[in-house]
Amino acid sequence: MKDNFGREIDYLRVSVTTRCNLNCIYCGKADCDKKEQELSAKTIIALVHAFARCGIKKVRVTGGEPLVRADVCDIVRGVKSIPGIETVALTTNGVLLEQFAKPLVDAGLSSVNISLDSTDGSTYRHLTGADVLDRVLRGIDAAQCDGLSAIKINAVLMKGVNDAGAGDLIALAKDSPIDVRFIELMPFSSVGEDNDKRVTGDELLRRFPFLRQLETQETATARYYTADGFRGRIGLISPVSHKFCDRCSRVRLLSDGSVKPCLAFDDSYDLLAYKDDPAALTARIREIIQAKPAGHDFGGGTTTHGLNRTGG
Ligand code: SAM
């Protein structure tokens, strides 16, 4: 369906938990281990049914860390079986992906995004608080073997923290058909609010002049590049320096059953009160989608939520 600004909203991100097995410095973690209200797989699937009735076609399961939920495959399978839902994707830190890749594919997962901010063990440990880089790399291998249609690595660079490793991350797209995407640090949490730490997409293009922009750009959010001899692509996602709000197609279902129409604002709207009345639920979702804000102004400090609560 279209929102009040004529944007087609067909993409739902579903945060299935706020819990995470990492403690990343930019995420606003403090409460990551606390088990807050978490919807059952059945309730999540029922809510996504209602979103599908409102025109949602693509779903991304996220968190917190979605793979800390033992029933994540049930969620993927249930969502994939909903009429109108064409693809189910997942965003994960990859720590548990080695064991989950095959069952997730069997459950109907189409693609996976893996967050990896450094290929250097000690930098990775500094960023995430955990010594698990090897497990993540094995998870990336497992995902390739298990034939997911697309594997994307998402990295957030911070000056003086992990930006020196950008070239090593880019190299991951050389020999494997993996897309490596750099997401600009957004102003969530105290680290994110440090504008001096942000590495913009344009800075990366100056630093890696061998990257050539691809003619076909299939998404509204990422600008894609290639280089000679590369099997994968390099993507630049620049929500701060190159806003794409006018092409935004997404809304978010949080793990407490509320809907967040825009990542940059704290506003979220409860759905659980409507869950036993499908007609009222659908009407409420339509209202919320219609009222999605035109866009963000990250400069204005509009949100206080870290991404562990909202889902990446
Ligand atoms: N646990 C999953 C993961 O690691 O992919 C899903 C959720 S996690 C919040 C998703 C991603 O959000 C992080 O890995 C990071 O790439 C991104 N993220 C978190 N805080 C961010 C910030 N301030 N700016 C930009 N990206 C951020």
Side-chain angles (χ1 to χ4, degrees), residues 13-33 59-69 72 75-76 89-97 100 104 109 111-118 123-124 127-130 132-133 135-136 139-140 143 151-159 161-163 165-166 169 179-201 221-222 235-244 250 252-255 260 263-264 296 298 301-312:
R13 293 200 166 193
V14 181
S15 176
V16 296
T17 182
T18 56
R19 289 177 295 140
C20 187
N21 45 4
L22 296 181
N23 185 4
C24 297
I25 60 172
Y26 48 66
C27 207
K29 149 124 178 159
D31 52 1
C32 272
D33 297 326
V59 171
R60 175 170 299 279
V61 176
T62 181
E65 171 49 39
L67 300 189
V68 301
R69 271 191 76 142
V72 66
I75 296 172
V76 168
L90 177 92
T91 297
T92 173
N93 59 33
V95 176
L96 299 172
L97 193 56
F100 270 110
L104 283 166
L109 192 76
S111 63
V112 65
N113 289 1
I114 302 154
S115 300
L116 175 66
D117 299 318
S118 176
T123 308
Y124 184 89
L127 284 164
T128 64
V132 290
L133 176 62
R135 286 171 68 181
V136 177
I140 294 172
I151 299 173
K152 297 189 172 92
I153 291 179
N154 288 337
V156 178
L157 294 176
M158 286 161 279
K159 284 184 185 151
V161 181
N162 63 337
D163 60 327
L169 286 162
D179 291 342
V180 175
R181 310 185 318 162
F182 293 98
I183 304 176
E184 277 175 2
L185 181 68
M186 291 180 277
F188 310 131
S189 82
S190 53
V191 177
E193 274 159 16
D194 183 351
N195 289 326
D196 294 341
K197 282 218 160 29
R198 182 171 309 120
V199 179
T200 65
T221 49
L236 302 178
I237 302 179
S238 312
V240 184
S241 66
H242 290 265
K243 272 170 65 161
F244 38 78
R250 63 188 67 164
R252 295 161 190 273
L253 175 61
L254 307 190
S255 61
K260 185 162 168 145
L263 183 63
H296 67 70
F298 277 139
T302 38
T303 186
T304 54
H305 290 167
L307 277 197
N308 68 305
R309 292 186 59 80
T310 307

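Nothing fancy with the numbering, it's 1 onward along the sequence. For ligands, and for the atoms within them, numbers begin at 1 and follow the listed sequence.
Looking at every heavy atom in both residues, Asp117 comes nearest to Ala155 through OD1-CA, 3.3 Å.
Surrounding NZ of Lys197 are at most 12 heavy atoms belonging to other residues, nucleotides or ligands under 6.0 Å away.
Taking a cut-off of under 4.0 Å to the non-hydrogen atoms of Ser115, the atoms of ligand 1 that pass are 3 (C), 4 (O), 5 (O), 11 (C), 13 (C), 14 (O), 16 (O). Listed by number with element, the atoms of ligand 1 under 4.0 angstrom from any heavy atom of Thr62 are 6 (C), 7 (C). Numbered from 1 in the order shown, with element, the atoms of ligand 1 that lie under 4.0 Å from a heavy atom of Gly63 read 7 (C).
Judged by the shortest distance from any of its heavy atoms, Thr92 lies inside the 4.0 Å radius around the atoms of ligand 1.
Atom 16 (O) of ligand 1 has its nearest heavy-atom neighbour, among Val156, Ile237, Thr91, in Val156.
One side chain, Arg60 or Thr91, offers a donor N or O that lies under 3.5 Å from an acceptor on the other.
In this structure, CZ on Phe244 lies 6.5 Å from CD1 on Ile237, to the nearest 0.5 angstrom. We find the CG-CG distance between Asp196 and Leu185 to be 11.0 Å, quoted to the nearest 0.5 Å. Separation of atoms CG (Asn162) and OG1 (Thr123) is listed at 7.5 Å; rounding is to 0.5 Å.
Remark: ligand 1 and Glu65 share an N or O pair separated by less than 3.5 Å (distance only, no angle test). For ligand 1, one of its N or O atoms has an N or O atom of Gly64 under 3.5 Å away. Among the atoms of Asp117, none of the N or O lies under 3.5 angstrom from an N or O of ligand 1.
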